[in-house]
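Only this structure's heavy atoms are used, side chains among them; waters, hydrogens and symmetry mates stay out. All chains are named by letter (A, B, ...) in the order of the sequence lines, taking the proteins before the strands, and each is independently numbered beginning at 1.
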Amino acid sequence: MAEQFPCGKTAIVGLATHGIGEVPGFSSMELAAGAGLKAVADAGLALADIDALFICLPDDLFAGMAFAEYLGLKPRFTDNNRTGGSAFMSHMATAAMMLDAGSIDAALVAYGSNQRSGGGKLSTPAKSNAWEAPYRPLFPLSSYALAAARHCHQFGTTREQLAEIAVAARLWANGNPEAFAKGALSIADCLASRIVSSPLSVRDCCLVTDGAAAIVMTRADRARDLPQPAVPVLGAAAATWWTAISQAPDLTETAARESGARAFAMAGLAPADIDVVQLYDAFTINTLLFLEDLGFCPKGEGGRFVENGGIAPGGHLPVNTNGGGLSCCHPGMYGLMAIVEAARQVRGSAANQIPDVQFALAHGSGGTLSSQATVILGNR
Amino acid sequence: MGPEAHWRAALADGSFLLQRGRQSGRAFFPPRIAEPGTGDETEWFEACGEGTVYSVTIIGQKPPAVPYAVVLVELAEGPRLMSRVEGVAPEAIAIGMAVKARIIREGDAPLLVFDPA
């Protein structure tokens with residue numbers, strides 16, 4: 001049986017980012033709740049309208065219950081999916097199907113983290129497993145470095161090409177008032193930066209910031225009566241292939257190949273139809289792998305695809321137009337920030353608005369390239 | 001005793017074990033109660049200890065600490081695992097390099113490492 005998805009039957013009707021960058025003195029829950037309130041208000045709804053909650057917080061494994069209590073929600077369905085940065089795309093898949101089935105009427109998806117003010121390090125309950133930890137890899141960085149080293153070996157990808165991705169993210173961030181890291185950044189700067197876990201340097205790594213985001217989803221028929229332009233959800237698919245990088249059958253290919261193909265099939269679209277792309281760029285190699293796995297270029301061609309400003313402002317494909325995790329913000333599980341930027345591009349309200357966006361893609365990654373989920377938004 | 005404890009006990013006795021599916025003969029690691037993907041019964045066998053470096057990363061540290069390498073080794077039997085290569089400078093470890101397993105003690109526990117073959 002062909003995979004069923006209610007293409008275009010549900011929509012993002014409210015969205016918000018909140019506390020992006022550095023906001024000392026707030027808990028992760030306070031930031032997530034702040035984003036949630038803004039998104040509900042943006043949707044023109046009241047808290048009492050929200051009857052389903054989808055959430056994943058970095059420091060609270062049972063955030064579904066804690067968040068509901070905090071805002072006084074009484075969700076009839078609570079999803080605490082914790083597949084890292086891909087969780088939020090999975091949340092959207094479940095929400096779309098439950099909305100379409102009439103099980104729920106209004107879903108709130110929320111995330112928040114105070115990891116910069118709260119400690120200054122990536123906040124995650126994940127760590128190396130017992131088979132890897134004795135060898136002291138940096139978690140999760142060395143897992144991505146091992147994938148990057150393999151990509152360089154197999155396809156001749158260079159540190160200069162990885163640096164192109166960091167520079168493109170910075171150029172987009174420079175046009176986004178909300179972005180945390182701004183200023184000049186050259187390929188030479190990236191190449192001169194300290195190697196953390198070869199071939200990845202400091203500039204190949206995402207930021208550590210505070211930040212929160214939220215979206216509200218309803219059925220498309222109800223969305224028409226709400227104040228903001230609805231952003232229809234055309235496809236949402238998730239795929240999990242492993243958790244530890246040592247278990248990846250091919251370090252240069254992720255489950256994005258599967259999640260992307262399925263999301264495109266749901267939407268009835270192909271990569272060439274997508275006007276703007278948001279990819280979870282925890283490290284530069286992510287952007288490269290996902291561009292290939294999602295079909296924007298052939299496997300092994302990612303390095304050449306991003307060369308000469310290919311994904312920077314003015315390039316042939318706008319990627320991570322908010323500045324991404326590399327230069328806009330990275331409050332831990334960044335996936336929901338990618339979704340919000342994709343939805344803003346479809347609405348026409350992004351800081352670096354791409355003209356005439358019809359279709360946008362947001363892709364999330366969790367673990368060590370382990371869990372992948374893809375969402376396609378747009379107006380048919 | 002579960003398969004993980006069995007594997008660790010064997011390592012402590014100087015044996016590097018692997019499992020394979022009884023039906024498929026396909027080797028896998030780390031140890032499990034069933035063959036991944038099929039759920040079939042498994043059997044133990046001793047690994048030959050030979051492998052090649054599949055990927056390598058060098059982790060930079062602030063002096064006086066020195067950089068060290070973490071590798072993924074592809075075993076001759078097929079499975080991959082994370083480890084380190086001893087007796088060679090980190091920069092000299094290359095993808096494709098032939099390596100041979102050795103069991104050492106680190107702290108209170110046995111540990112699998114590799115040497116250039």
Side-chain angles (χ1 to χ4, degrees), chain A residues 127-157 159 162 191-205 240-254 283-285 289 368-370, chain B residues 2-5 7-8 11 16 18 26 28-32 36-37 51-63 65-75 78-86 90-97 103-114:
Chain A
K127 58 184 193 310
S128 291
N129 69 28
W131 306 102
E132 298 190 346
Y135 306 104
R136 297 187 295 142
L138 302 179
F139 187 88
L141 169 57
S142 294
S143 300
Y144 293 86
L146 288 163
R150 192 72 205 172
H151 203 281
C152 294
H153 172 77
Q154 280 181 229
F155 303 114
T157 304
R159 283 195 63 214
L162 293 174
L191 296 179
S193 70
R194 181 173 62 87
I195 294 284
V196 191
S197 190
S198 66
L200 302 182
S201 74
V202 173
R203 295 299 181 192
D204 291 295
C205 301
T240 301
W241 283 2
W242 63 76
T243 180
I245 198 69
S246 57
Q247 299 294 300
D250 178 347
L251 264 65
T252 67
E253 184 174 81
T254 74
F283 304 96
T284 50
I285 185 66
L289 290 172
T368 53
L369 296 166
S370 320
Chain B
E4 179 170 348
W7 186 87
R8 293 190 187 285
L11 197 69
F16 169 25
L18 289 173
R26 190 178 60 90
F28 61 88
F29 184 88
R32 294 167 169 90
T52 54
V53 173
Y54 187 76
S55 193
V56 55
T57 182
I58 299 173
I59 295 165
Q61 299 195 100
K62 292 199 178 88
V66 294
Y68 62 96
V70 172
V71 299
L72 295 181
V73 173
E74 185 164 274
L75 300 172
R80 284 190 213 124
L81 44 74
M82 186 173 283
S83 191
R84 65 176 183 243
V85 180
E86 299 201 326
E91 316 80 62
I93 302 169
I95 291 176
M97 182 181 191
I103 301 168
I104 63 167
R105 284 202 78 81
E106 192 163 84
D108 292 338
L111 185 68
L112 195 63
V113 298
F114 287 81

Original post:
Checking B:Arg80 side chain against A:Pro249 main chain: does a donor-acceptor pair fall under 3.5 Å?
Top reply: yes
Subject >> Top contributor to chain A contacts, counting heavy-atom pairs under 4.5 Å, from B:Val56, B:Ile58, B:Val70 >> reply: B:Ile58
**OP:** Determine the option with the most heavy-atom pairs under 4.5 angstrom with chain A, choosing from B:Gly96, B:Gly60, B:Pro36, B:Ser83.
**Re:** B:Ser83
State, to 0.1 Å, how close [X] and [Y] come at their nearest heavy-atom pair, and which atoms those are.
X        : Y        : result
A:Arg136 : B:Tyr68  : O-OH, 2.6 Å
A:Pro134 : B:Glu106 : O-OE1, 3.9 Å
B:Arg84  : A:Tyr135 : N-CD2, 3.7 Å
B:Leu72  : A:Leu251 : CD1-CD2, 3.6 Å

Subject >> chain A contact via B:Phe28 - which portion, at a heavy-atom distance below 4.5 Å >> reply: neither
**OP:** Taking the side chain as every heavy atom from C-beta outward, state whether B:Met82 and A:Ile245 have any pair of such atoms under 4.5 Å apart.
**Re:** yes
Original post:
Are any of the side-chain heavy atoms of A:Ser246 and B:Leu81 separated by less than 4.5 Å?
Top reply: no
Original post:
Of all of A:Ala244, A:Pro137, A:Ala147, which one pairs up most often with chain B through heavy atoms under 4.5 Å apart?
Top reply: A:Pro137
Original post:
Would B:Thr57 and A:Ser197 count as a side-chain hydrogen bond (donor to acceptor under 3.5 Å, both in side chains) if you check the C-alpha gap in whole Å, the side-chain angles of each, and the deciding distance to 0.1 Å?
Top reply: CA-CA 6 Å; B:Thr57 182; A:Ser197 190; 2.7 Å; yes
**OP:** Give, for atom NE2 of A:His151 and atom OG of B:Ser55, the distance between the pair rounded to the nearest 0.5 Å.
**Re:** 12.0 Å
Subject >> Atom CZ of A:Arg150: over 12 foreign heavy atoms under 6.0 Å >> reply: yes
